[in-house]
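Structure first, commentary second.
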Amino acid sequence: MVLDFYNKIKSLLQAEKQGVLMVVIANEGSSPGRKGFKMLVTQNQMYGTIGGGIMEHKLVEYARSLLEKLDFKPFIKHQIHDKSAPTNQSGMICSGRQTIAFTL
């Protein structure tokens, strides 16, 4: 199963040459993405999941904007699944949290 993901990454990168890998590195509470979920985003395709919903949609768009820069260093992004959170709102209401690592 894991090998399938990396074989797909290899195929996508051979076809499109660049992509952003997002990996859920931590989660707590009721979070749609669990530690170890991963997703590759290229300019035209995506494979895998980091939890779905509006949060994933926003982060896919964000990842695609990063592809235009190609000079970013790996970083992490926190997402809080609660609309009352003052920052890092994911747009979801399931009340958990997750942390996603981004890398080229």
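Computed from a prediction, not measured in an experiment: that's the story for all the values here. Just the heavy atoms: all of them, side chains too, but no hydrogens, waters or symmetry mates, feed the values below. For this chain, numbers begin at 1 and follow the sequence in order.
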Side-chain donor/acceptor of Lys38 to backbone N/O of Gly36, under 3.5 Å:
yes
Between Ser30 and Cys94, the two heavy atoms sitting closest are CB-O, 2.9 Å
What's the separation between atom OG1 in Thr42 and atom CG in Leu67, rounded to the nearest 0.5 Å?
7.5 Å
With the side chain counted from C-beta on, respond yes when His57 and Val60 share a heavy-atom pair under 4.5 Å apart, and no when they do not.
no
Taking all atoms of both residues into account, what is the closest heavy-atom pair of His81 and Ser31, and its distance?
NE2-OG, 3.2 Å
Heavy-atom side-chain contact between Phe37 and Val23 under 4.5 Å:
no
Can you tell if the side chain of Leu59 reaches within under 4.5 Å of the side chain of Gln79, non-hydrogen atoms only?
yes
Any Asn44 side-chain heavy atom under 4.5 Å of Glu16 side chain:
yes
Minimum heavy-atom distance Phe5-Met39, with the two atoms named
CZ-N, 4.0 Å
Is Val41 close to Met22 at the side-chain level, that is, under 4.5 Å between some pair of heavy atoms?
yes
Validation row: Ile9, Leu21 side chains within 4.5 angstrom (heavy atoms):
yes
Judged by atom type as modelled, is there a donor-acceptor pair below 3.5 Å linking the side chain of Asp82 to the main-chain atoms of Ser95?
no
Do Tyr62 and Phe102 make the cut of ring centroids closer than 6.0 angstrom?
yes
Rounding to 0.5 Å, atoms OG (Ser90) and CZ (Arg97) come to a distance of 11.0 Å
What do you reckon, is NZ of Lys58 surrounded by more than 12 foreign heavy atoms closer than 6.0 Å?
yes
Just wondering, do Thr99 and Asn27 contact through their side chains at under 4.5 Å, heavy atoms?
no
Looking only at heavy atoms, which two atoms of Arg64 and Gln43 are closest? And how far apart?
NE-O, 3.2 Å
I would like to know whether Val20 and Leu104 meet side-chain contact (heavy atoms from CB on, under 4.5 Å); could you show each step before the answer?
CA-CA 5 Å; Val20 173; Leu104 280 175; 4.1 Å; yes
Met55 versus Ile50, closest heavy-atom pair with distance:
CE-O, 3.6 Å
Would you say Gln89's side chain and Ala85's backbone share a donor-acceptor pair under 3.5 angstrom?
yes
Show the numbers, then the answer: is there a side chain to side chain donor-acceptor pair (under 3.5 Å) between Thr49 and Glu56?
CA-CA 8 Å; Thr49 187; Glu56 185 173 280; 2.6 Å; yes
Let me confirm one number: the CD-CD1 distance from Glu28 to Ile80, rounded to the nearest 0.5 Å.
9.0 Å
Ignoring hydrogens, what is the shortest heavy-atom contact between Leu66 and Phe72? Give both atom names and the distance.
CB-CE2, 3.6 Å
